[in-house]
Trainee: 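Before anything else, here's the structure in question.
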Amino acid sequence: MTGEIIFSFAVLLIGIGPIILLGIAQYRSKDPVGFWSGKEPPRKEQITDVKAYNRKHGIMWILYGAGFICCFVCGQPFGGGAVACLCLIEAVGGIFVMAAYHNKLNRMYDKKALSNGSNRKN
């Protein structure tokens, strides 16, 4: 391993570490967690299963951070350009996937949405 690879991996871990730690904190949280900055997370009364809601959000963030590490490791044999392209794809694509998954979780665990959905079925 060259010094460049070691330094790059250390910088990656410093940048991605907070994302993974955020995921761990959300996974263990007792109160409902948020996703968007500036938007208040839902209240406990609004969520059907806070523990499952938080765990799925936490796992989402942990996988997002782990995806960057995988991009770095998988792209390394092909050079820095490949790593940069893979990380860019992870960053942009991951945000869109996470936003869609967050919205899905809100629909799955929101009491109001579930009660409205059950009223439409009857």
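All residue numbers in this chain count up from 1 along the given sequence. A quick note: this is a predicted structure, and the numbers were derived from the prediction, not measured.
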Trainee: Could you tell me the separation between the CD1 atom of I16 and the CH2 atom of W61, rounded to the nearest 0.5 Å?
Mentor: 10.5 Å
Trainee: Within this structure, what is the NZ-CG distance for the pair K104 and N106, rounded to the nearest 0.5 Å?
Mentor: 12.5 Å
Trainee: Which value, rounded to the nearest 0.5 Å, describes the distance between Y27 atom OH and L22 atom CG?
Mentor: 15.0 Å
Trainee: Side-chain heavy atoms under 4.5 angstrom apart, residues restricted to Ile, Leu, Val, Met, Phe, Trp, Tyr: same cluster for L63 and Y101?
Mentor: no
Trainee: Working to the nearest 0.5 angstrom, can you tell me the gap between L86 CG and Q76 CD?
Mentor: 10.5 Å
Trainee: With a 4.5 Å heavy-atom cut-off, do I47 and V50 have their side chains touching?
Mentor: yes
Trainee: Are I62 and M60 linked, directly or through intermediate hydrophobic residues, by side-chain heavy-atom contacts shorter than 4.5 Å (ILVMFWY only)?
Mentor: yes
Trainee: Nearest 0.5 Å, what's the CD1-SG distance between I89 and C71?
Mentor: 7.5 Å
Trainee: If you round to the nearest 0.5 Å, how far is CG of L13 from CZ of F72?
Mentor: 8.5 Å
Trainee: For the residue pair F35 and H57, does the interplanar ring angle fall in the parallel (under 30°), tilted (30 to 60°) or perpendicular (over 60°) class?
Mentor: tilted
Trainee: In the single-linkage hydrophobic clustering (I, L, V, M, F, W, Y; side-chain heavy atoms under 4.5 Å), do M108 and M98 co-cluster?
Mentor: yes
Trainee: When hydrophobic residues are tied together by side-chain contacts of less than 4.5 Å, even through go-betweens, does F68 share a cluster with I5?
Mentor: yes
Trainee: Return yes if some donor-acceptor pair links the side-chain N/O of Y64 with the main-chain N/O of A91 below 3.5 Å, else return no.
Mentor: yes
Trainee: Would you name the heavy atoms of P32 and P41 that are closest together and state the gap between them?
Mentor: O-CB, 3.6 Å
Trainee: Mind running side-chain contact (heavy atoms from CB on, under 4.5 Å) on K30 and K51 for me, showing each step along the way?
Mentor: CA-CA 7 Å; K30 303 290 184 218; K51 187 175 182 179; over 6 Å; no
Trainee: Keeping D49 on the side-chain end and Y109 on the backbone end, is there a donor-acceptor pair under 3.5 Å?
Mentor: no
Trainee: If two hydrophobic side chains count as joined below 4.5 Å and joins carry through other members, does I95 share a cluster with L105?
Mentor: yes
Trainee: Give a yes or no answer on whether the side chain of S8 reaches the backbone of E4 with a donor-acceptor pair at less than 3.5 Å.
Mentor: yes
Trainee: Could you tell me which non-hydrogen atom of P18 sits nearest to which non-hydrogen atom of I14, and how far apart they are?
Mentor: CD-O, 3.1 Å
Trainee: Taking all atoms of both residues into account, what is the closest heavy-atom pair of Y53 and V33, and its distance?
Mentor: CE2-O, 3.5 Å
Trainee: Counting only N and O atoms by type, is there a donor-acceptor contact under 3.5 Å from the side chain of Q26 to the main-chain atoms of G23?
Mentor: no
Trainee: Do I20 and I69 touch side chain to side chain, with heavy atoms closer than 4.5 Å?
Mentor: yes
Trainee: Do you know which two heavy atoms are closest between D31 and K44, and how far apart they sit?
Mentor: OD1-CE, 2.9 Å
Trainee: Ignoring hydrogens, what is the shortest heavy-atom contact between K111 and T48? Give both atom names and the distance.
Mentor: CG-CG2, 3.5 Å
Trainee: Looking only at non-hydrogen atoms, find the nearest pair between E90 and G67 and report the distance.
Mentor: OE2-CA, 3.7 Å
Trainee: With distance as the sole test, does N54 use its side chain to make a donor-acceptor pair with the main-chain N or O of S29 at under 3.5 Å?
Mentor: yes
Trainee: Does a side-chain heavy-atom distance below 4.5 Å link R28 with R55?
Mentor: no
